[in-house]
Amino acid sequence: MQLAKIPAPDFDLAMTLDSGQVFHWEKAGAGFVGAIGDLAVYLEQQKDILKASGSALRLDGFKPPSFQRVVSHYFALDHQLAEICASFPDDPAMNAAKQFCRGLRIIRQPKWECLATFICSSMKQVAHIRQISRNLRERFGEIRKIDSYVVHIFPSAERIAATSAGELRKCALGYRAKNLLATARLVASGDVDLGKLAALSDIDLRVRLCELPGVGAKVANCVMLFAYERLGAFPIDVWIERVLRERYFPRALKLNARRLEAFTQQYFGGHGGYAQQYLFHHARKTGGRRAVGARNGTRQKR
DNA sequence: CTCCAGGGATGAT
DNA sequence: ATCATCCATGGA
């Protein structure tokens with residue numbers, strides 16, 4: 001197999017793929033197999049070199065230089081990580097996360113795939129989101145082959161729109177099935193043009209995304225960050241909320257979502273999305289989960 | 001403001 | 001083998 005060699009300094013492939021922003025890459029041999037849009041891809045990292053091979057359904061006009069550009073763009077190898085990290089606030093929680101997450105990048109995901117996946121993510125944990133993504137792809141996604149691997153790419157909005165809520169439920173979507181179906185229909189019909197939304201301001205984009213079934217503030221911010229390159233978008237899930245409460249507001253009792261959001265916007269600044277991703281990944285991987293022995297009765301009241 | 005559906009992976013017992 | 005826990009949106 002022929003592997004393109006792509007320079008990738010300041011990049012940690014494994015950590016990036018395991019940081020809760022993308023859910024379809026699988027370990028394979030010394031690397032990972034997955035897809036970038038319609039393109040099946042195998043990847044492995046050796047120090048500062050990313051080795052990659054890809055195969056499309058249509059072989060015409062597909063040349064290595066453009067393939068390398070596709071991979072570099074997807075993994076945002078052009079993001080100036082040093083500058084981004086230097087823009088983070090200087091506090092103990094942030095500094096620990098920054099050190100821990102060296103090489104973690106916010107990647108550029110296809111819009112529909114990202115939106116659909118995060119609609120499915122609501123009330124789910126990473127392992128389960130991966131399972132749902134696999135179910136959807138294996139049931140509805142087109143097949144590609146890369147080397148000896150078989151890859152199911154993410155199904156289009158049109159394909160999802162042509163299914164039924166019952167079919168989607170078989171993919172373990174539960175009540176998310178009707179939201180995914182409704183949003184797929186809006187996108188497939190052209191009533192919503194995800195590409196055109198890219199022209200909107202952050203505020204307007206968030207409003208438009210939140211109009212879609214199954215999309216609230218958290219999912220909208222994830223899609224803005226991971227598919228629209230709005231690096232200031234700061235999704236607040238339970239992990240991040242826990243970090244914020246414990247590390248930034250250890251004494252505050254009344255912190256509603258509105259106040260938290262106002263704080264994150266002004267405190268973390270234009271690269272807040274990166275800061276959030278680093279805090280999130282660090283918390284998730286270092287047992288940030290309050291010592292699982294929440295046994296002795298004291299589950300706070302909610 | 002509060003309450004809660006909903007369901008599969010995960011880890012504790 | 002059973003049981004509690006994790007979780008975001010939207011509606012009551």
Side-chain angles (χ1 to χ4, degrees), chain A residues 17-27 109 113-139 160 164-187 192 205-227 233-246 252-261 264 273 276-277 279-302:
Chain A
L17 294 182
D18 185 37
S19 64
Q21 59 177 315
V22 66
F23 304 93
H24 68 281
W25 293 91
E26 314 268 3
K27 277 193 177 141
Q109 298 184 45
E113 175 180 320
C114 182
L115 171 64
T117 302
F118 277 94
I119 287 174
C120 298
S121 80
S122 89
M123 283 292 281
K124 288 294 180 192
Q125 291 154 103
V126 171
H128 202 177
I129 301 166
R130 296 181 65 86
Q131 185 62 50
I132 291 173
S133 169
R134 186 178 308 119
N135 292 342
L136 285 173
R137 284 179 289 110
E138 289 182 355
R139 189 175 281 261
I160 297 287
S164 65
E167 285 295 301
L168 293 175
R169 279 183 173 269
K170 293 178 185 171
C171 298
L173 267 74
Y175 65 90
R176 298 156 200 81
K178 65 180 194 327
N179 291 334
L180 181 62
L181 180 60
T183 294
R185 286 177 173 164
L186 288 171
V187 172
V192 171
L205 175 58
R206 185 176 292 110
V207 167
R208 295 295 300 279
L209 289 173
C210 285
E211 290 171 355
L212 301 172
V215 180
K218 193 270 181 182
V219 170
N221 277 325
C222 286
V223 175
M224 290 174 67
L225 180 58
F226 302 135
F234 196 105
I236 299 178
D237 71 337
V238 293
W239 288 93
I240 286 299
E241 183 167 340
R242 193 177 298 145
V243 170
L244 292 174
R245 287 180 185 278
E246 292 179 357
L253 287 182
K254 46 178 168 48
L255 268 185
N256 57 27
R258 179 168 275 105
R259 290 177 54 122
L260 273 183
E261 188 194 333
T264 59
Q276 178 273 353
Q277 193 65 15
L279 290 169
F280 174 86
H281 186 67
H282 182 235
R284 231 169 52 83
K285 291 297 173 180
T286 58
R289 185 181 333 210
R290 65 180 63 250
V292 194
R295 295 256 46 83
N296 295 348
T298 54
R299 196 76 217 122
Q300 77 258 27
K301 49 136 188 153
R302 320 217 35 110

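Convention: sequence-line order gives letters A, B, ...; per-chain numbering from 1. Please read these numbers as outputs of a predicted model, since none were measured by experiment.
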Original post:
Would you say C:dC7 has OP1 or OP2 under 4.0 Å from some side-chain N or O of A:Arg242?
Top reply: yes

- Query: Has A:Arg169 got a side-chain N or O lying under 4.0 Å from the OP1 or OP2 atom of B:dG6?
  - Reply: no

Practice prompt. Would you check, one step at a time, whether the test salt bridge (charged side-chain N to carboxylate O under 4.0 Å, His left out) holds for A:Glu167 with A:Lys170?
Written response: CA-CA 5 Å; A:Glu167 285 295 301; A:Lys170 293 178 185 171; 2.9 Å; yes

Atom NZ of A:Lys218 and atom P of C:dT9 are separated, to the nearest Å, by 7 Å

| Sugar-phosphate, base or nothing in reach of A:Leu212, heavy atoms under 4.0 Å |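 A:Leu212: backbone/sugar contact only, no base atoms under 4.0 Å.
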
- [ ] Give one of base, sugar-phosphate or nothing for A:Asn179, where a contact means two heavy atoms less than 4.0 Å apart.
- [x] nothing

Among [options], which nucleotide sits nearest the side chain of [X]?
X	options	result
A:Ala127	C:dA8, B:dG7, B:dA9	B:dA9
A:Gln125	C:dC6, B:dG7, B:dA9	C:dC6
A:Trp239	C:dA8, C:dC7, B:dG8	C:dC7

Original post:
Which nucleotide, in any strand shown, forms a Watson-Crick or G-U wobble pair with B:dA12, with both distances under 3.5 Å?
Top reply: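 Because both required distances fall under 3.5 Å, B:dA12 counts as paired with C:dT2.
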
May I ask which nucleotide in the shown strands pairs with C:dG11, Watson-Crick or G-U wobble, both distances under 3.5 Å?
->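 Looking at the geometry, C:dG11 pairs with B:dC3.
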
dist A:Leu136:CG -> A:His24:NE2 (nearest 0.5 Å) comes out at 13.0 Å

Self-check item: C1'-based separation of B:dG6 from C:dA12 [nearest Å]
Solution: 16 Å

Quiz item: Which residue lies toward the 5' end of DNA chain B, A:Asn256 or A:Ala172, if each is placed at its nearest nucleotide?
Solution: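 Upstream on the strand: A:Asn256.
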
